[in-house]
Every structure is written in structure tokens, then in C-alpha cells.
Amino acid sequence: MSARVATKEQATVVNGVNVSALMDTIAAVKQNPEIAAFRFRGTNTWLGGDHNRSTFKQFYGAGEEHRSGRQGFVLDNGEPEVLLGADEGANPAEHLLNALMGCLTTTMAYHAAARGIEIEAIDTEADGDIDLRGFLGLSQTIRKGYQTIRVRMRVKSKAEPATLRELAQFSPIYDVVSKSVPVDVAIETY
């Protein structure tokens, strides 16, 4: 980004977030909205049965590629024995809860920092209800995925809960999960 980045000596840090750099980023995006476009991407390989592996490496943002030449991050996906798996990794439904909790937490910390709201701790729990009859094709009226997700955040801060809840709702993953997003699935054979 072309905006000036504050040095460590000049930086204002709240909640472990460099607020000076955050404000520089906001100013840069206001000046050049094109740099706000990001594209995250990953790959997944089936390893047999319930086991598959996702890799997240390069992504595009702020007008350029990032993480080039780095190893990336690997997540194994599996299913518990009760769902006929070998329990070799969290299942995709659990990964979704992880993404939601992680994004809500980070979003709250960042937005609070930008407003000068100090947070000492955030502990988050999430659970959700899935009825397998939808996934198994036994009912056309039961949703295949989560019917409900509940998130509980315990935040050590002097800010009002309503204010913190408002800040957390800037979360991109909360937006995707709570409002849904079109997903285009293309299949090709080889």
C-alpha cells in the first residue's frame, strides 16, 4: 500500500493491534479503493475415505500477490467415527465454526483498537445444530447444513456488550455465514 506506515517508535498499539498502521491502511483504501480487493484461495486433495487436506498459500490483495515462496498453511479434514470416519482431523463443519470464531475475535479486537477501546481478553465458544436427514437426502425440507449456530463471546473490557457486539459484526465470516453468499461449483472430470 502506498500510504506511510508508522515505525515501531511512532506506532500506537491497542489490543496488540498497530492502530497507526490500521489508520494508514484505512486512509490508503479511501484514496485508492482498488487496493481493497482481495482474493483468498486454497486447494484440497482427497486422501481416501473421509480424509482430505486443504492448503492455503498465496493470495491476492492490495494490488499484489502475497506469501509467494512460502510454505503456506495445511489443514486436515476428517470425520469422527460416528460419521464413518477415522477422526484424522476436524470435520468441515468444525472448521466453519473455527473460521467464524476466529474472525469474530479478530474483528472485535481490530475495530475496538481503532476506536481506542481496550480489551484484555476474548474467549469464544460456538456450537451449531445439523440434522443429518438433510445431508443424507432423507428429507427435502431439512437443511443440509447448520440450522442454527450459537456464538458466545466473553470479553474482558470496560466497553458495553452492545458496543462490542456491533464491532464483532463487521466480521467478513459472520457476514458470509449469517447472510449466505452465492457459491459457484464447477465440476470437471479427468
Stepwise side-chain hydrogen bond (donor to acceptor under 3.5 Å, both in side chains) check, Ser54 with Asn77: CA-CA 8 Å; Ser54 298; Asn77 300 283; 3.2 Å; yes
side-chain contact (heavy atoms from CB on, under 4.5 Å) assessment of Thr107 paired with Leu167: CA-CA 7 Å; Thr107 298; Leu167 300 178; over 6 Å; no
Stepwise side-chain contact (heavy atoms from CB on, under 4.5 Å) check, Phe56 with Leu75: CA-CA 8 Å; Phe56 298 91; Leu75 303 171; 3.8 Å; yes
Audit row: Met108, Asn15, side-chain contact (heavy atoms from CB on, under 4.5 Å) steps and yes/no: CA-CA 10 Å; Met108 180 186 289; Asn15 304 332; over 6 Å; no
Phe40 vs Phe59, ring pair (Phe, Tyr, Trp, His ring centres under 6.0 Å): CA-CA, chis, key distance, verdict: CA-CA 5 Å; Phe40 293 97; Phe59 66 92; 4.9 Å; yes
Residue pair Glu120, Arg154: steps toward the salt bridge (Lys or Arg N to Asp or Glu O under 4.0 Å) verdict: CA-CA 11 Å; Glu120 293 180 50; Arg154 293 187 64 230; over 6 Å; no
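Using a distance-only test at 3.5 Å, with no hydrogens or angles considered, no donor-acceptor pair links the side chain of Ser139 to the main chain of Gly134. Between the side chain of Tyr146 and the main chain of Ala93, a donor-acceptor pair closer than 3.5 Å is present. Without hydrogens or angle criteria, Thr25 side chain to Ala21 main chain gives a donor-acceptor distance under 3.5 Å. Side-chain atoms of Ser157 come within 3.5 Å of backbone atoms of Glu118 as a donor-acceptor pair (strictly under, hydrogens ignored).
Here Arg39 does not pair with Glu64 in a salt bridge; the nearest charged N to carboxylate O distance is not below 4.0 Å. Salt-bridge formation is detected for the pair Arg152/Asp127: a Lys NZ or Arg NE/NH1/NH2 atom is positioned less than 4.0 Å from an Asp or Glu carboxylate oxygen. Checked for salt-bridge contact, Lys144 and Asp131 miss the test: no charged N lies under 4.0 Å from a carboxylate O.
Atom-to-atom distance recorded for Met101:CE and Ile149:CD1 is 10.0 Å, nearest 0.5 angstrom. For the atom pair CG (Leu138) and CZ (Arg133), the distance works out to 8.5 Å, reported to the nearest 0.5 Å.
Nearest heavy-atom pair across Gln58 and Arg41 is O-CG, 3.6 Å. Taking each heavy atom of Ala109 and Val17 in turn, the nearest pair found is O-CG2, 4.2 Å.
Here the options are Thr45, Asn44, Asp76, the test is side chain to side chain donor-acceptor pair (under 3.5 Å), and the partner is Asn52; only Asn44 passes.
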Report, one line per pair, each donor and acceptor closer than 3.5 Å where one atom sits in a side chain of residues 78-90; sequence neighbours left out.
residue	atom	partner	partner atom	Å
Glu79	OE1	Asn91	ND2	3.3
Glu88	OE1	His51	ND1	3.4

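Hydrophobic clustering keeps Leu96 apart from Val185 (ILVMFWY residues linked when any side-chain heavy atoms are closer than 4.5 Å, directly or through intermediates). Hydrophobic clustering (side-chain heavy atoms under 4.5 Å, transitive across Ile, Leu, Val, Met, Phe, Trp, Tyr) groups Leu97 together with Ile173. In the hydrophobic clustering of this structure, Ile119 does not group with Val14; members are Ile, Leu, Val, Met, Phe, Trp, Tyr whose side-chain heavy atoms approach within less than 4.5 Å, directly or through other members.
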